[in-house]
Amino acid sequence: MHELSLAMSLLEVCEEEATRIGVKKIKTLIVEVGELSGVSVPALDSAFGIASRGTVAEGAALSIRNMPGTGWCLSCERAVRIQDPFRSCPDCGGSRILPTGGMEFCLKEFVCD
Amino acid sequence: MCVECGCGSSGKMPAKEHKGIAFSHRHAHGNDDTAPSKATPSGGTTGEDRRFSVEREILGRNNRLAEDNRAFFKEHGIIALNILSAPGSGKTTLLEQTILSLGGSLPLAVIEGDQETSRDADRIRSLGVPAVQVNTNAGCHLDAHQIAHSLEELSLSPGMLLIIENIGNLVCPALFDLGETSRVVLFSVTEGEDKPLKYPQIFRGADLVLLTKSDLLPHLDFDTAKAMNYLRSVNPSGEILPLSARSGEGMDRWVAWISAQREGAGAMSESPTRSGEAHGTPSGG
Ligand SMILES: Nc1nc2c(ncn2[C@@H]2O[C@H](COP(=O)(O)OP(=O)(O)O)[C@@H](O)[C@H]2O)c(=O)[nH]1
Ligand SMILES: [Mg+2]
Ligand SMILES: [Zn+2]
Ligand SMILES: [Zn+2]
């Protein structure tokens, strides 16, 4: 359920940026969500629907770009693909992995009328 | 406006008057010069639609506020411990026993996080230690912003020990840096050996893992060696300490660990931040 506070932080950034550029209404948010970020997209989507009421982004659509999880296996000494932060190395099965990509939760763009 | 506390968009909130040192939460949201804001038209107008490039990390706001808290702790030699665990692993009981063990030997304050009620803060206050209760309602973790506001309410003094009891939850609190000096995760022997494998993120970030309720071991088939191995596999460098708040086993080592943290506080000014570590790129080899 931390998606509610994440949605609120997202909306706060929207309000800041919209005020700065003089936009009254946001139609679509383009958000990058990494596979390893711990953010649940369905939970974020419903939290955003509730939290956005009365804000500049009320009724806006969330357009999600899923970013793949990548890591560095300290045993194999090479980059590996990881699906979630709990997974072990697909090659050696070890768990000494440093996440290197897929942690993002980033507002990339918004679209207005 | 601050959507979490609704405390206005002025960007400044006067710090309360204290006898000791006062924390001023400078509201790094709203009109914040340090926030890289760069909404710019990004072309590609389809019909009447206008696109704007924003490029802002959302968790960045929590991290900025956490860095403010961390800088404040460092400046005043305050050791802040973020205590995390599943509900019922013994956080509040440990806090009570810790307060009794320390016996007033060092200045202490507590921030209690719970979804509802002030029961835990009341338990701490009844021992004569100042405590602030944060109720998160639907929220499942404490964040740096709530800590900043709690610091404004507490009477703080240099070199003090600040203990933060996070919401009982093994998932979300791991994501939110509070600016703490160290993270302590409690793992009770009633939870099963494989907890670290099921919730590796929270165990990976721990500076110290306390294996709590060790007095119950004779009554359980909990395999301590197995649990230690699982812990090591997700967190090779953190310390592990078996402890019982009931029997007192391990309390002396826990208190010694706290003292070591306080002694190390002066020398820690160069340590990298948690977020910096988490996003660090391995430098090959
Ligand atoms: N046997 C035993 N029980 C404990 C110990 N520490 C806490 N408990 C019990 O575990 C329950 C939850 O403890 P509490 O401190 O409220 O957990 P919290 O939710 O993590 O704050 C209570 O019934 C405590 O009495 C311990 O060291 N040994
Ligand atoms: Mg408690
Ligand atoms: Zn490997
Ligand atoms: Zn605020």
Side-chain angles (χ1 to χ4, degrees), chain A residues 1-23 26-33 36-40 47 51 55 71-74 77-79 84-88 94-101 103-113, chain B residues 1-4 9 29-32 35 37-42 44-62 136-141 143 145 169 171-176 197-201 204 230 233-234 236 275 277-285:
Chain A
M1 261 310 287
H2 63 270
E3 279 75 10
L4 183 58
S5 66
L6 295 181
M8 282 156 76
S9 300
L10 185 60
L11 284 160
E12 194 171 330
V13 171
C14 287
E15 295 277 1
E16 276 177 39
E17 299 291 344
T19 307
R20 200 174 304 252
I21 57 180
V23 156
I26 297 175
K27 272 176 45 176
T28 307
L29 305 186
I30 294 138
V31 179
E32 273 182 4
V33 178
L36 312 181
S37 67
V39 178
S40 153
T55 73
W72 180 264
C73 177
L74 294 170
E77 300 196 340
R78 62 185 206 85
D84 67 66
F86 320 150
R87 277 294 136 73
S88 40
S95 51
R96 295 171 62 225
I97 294 188
L98 288 174
T100 52
M103 281 91 71
E104 37 297 86
F105 179 47
C106 179
L107 175 60
K108 298 296 284 184
E109 288 182 84
F110 53 62
V111 183
C112 323
D113 285 325
Chain B
M1 189 191 76
C2 168
V3 292
E4 278 170 62
S9 55
H29 32 67
N31 307 319
D32 173 17
S37 175
K38 45 188 171 185
T40 48
S42 51
T45 26
T46 24
E48 303 155 15
D49 287 354
R50 292 177 294 156
R51 289 176 82 96
F52 293 90
S53 166
V54 183
E55 298 282 349
R56 282 185 58 180
E57 271 294 332
I58 304 307
L59 288 171
R61 173 173 166 273
N62 184 71
T136 57
N137 303 312
C140 47
H141 61 270
D143 63 30
H145 187 215
N169 178 342
V171 184
C172 319
L175 274 172
F176 291 82
L197 299 182
K198 291 175 176 164
Y199 301 93
Q201 203 152 356
R204 188 170 293 147
Y230 289 154
S233 75
V234 299
S275 55
E277 280 166 14
H279 294 272
T281 317
S283 51

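Per chain, numbering begins at 1; letters A, B, ... match sequence-line order. All values below were derived from every heavy atom in this structure, side-chain atoms included, with hydrogens, water molecules and symmetry-related copies excluded. On a predicted model such as this, the values are computed, not experimentally measured, just so you know.
Between the CD atom in Glu32(A) and the CE atom in Met103(A) there is a gap of 12.5 Å [rounded to 0.5 Å].
No other option in Thr28(A), Val23(A), Ile21(A), Thr19(A) has as many heavy-atom pairs under 4.5 Å with chain B as Ile21(A).
Proximity to chain A (any heavy atom under 4.5 Å) is shown, for Ile58(B), by both the backbone and the side chain. Val31(A) does not touch chain B: none of its heavy atoms, backbone or side chain, sits under 4.5 Å away. Residue contact with chain B, scored on non-hydrogen atoms closer than 4.5 Å, involves the backbone and the side chain of Leu107(A) alike.
Residues meeting the salt bridge (Lys or Arg N to Asp or Glu O under 4.0 Å) test with Glu15(A), sequence neighbours left out: none. Qualifying side chain to side chain contact (heavy atoms under 4.5 Å, CB included) partners for Ile30(A), counting only residues two or more places apart in sequence or in other chains: Ser63(A), Arg65(A), Lys108(A), Glu109(A), Val111(A), Arg51(B).
Between Phe52(B) and Phe110(A), the ring planes lie tilted relative to each other; the angle falls in the 30° to 60° range.
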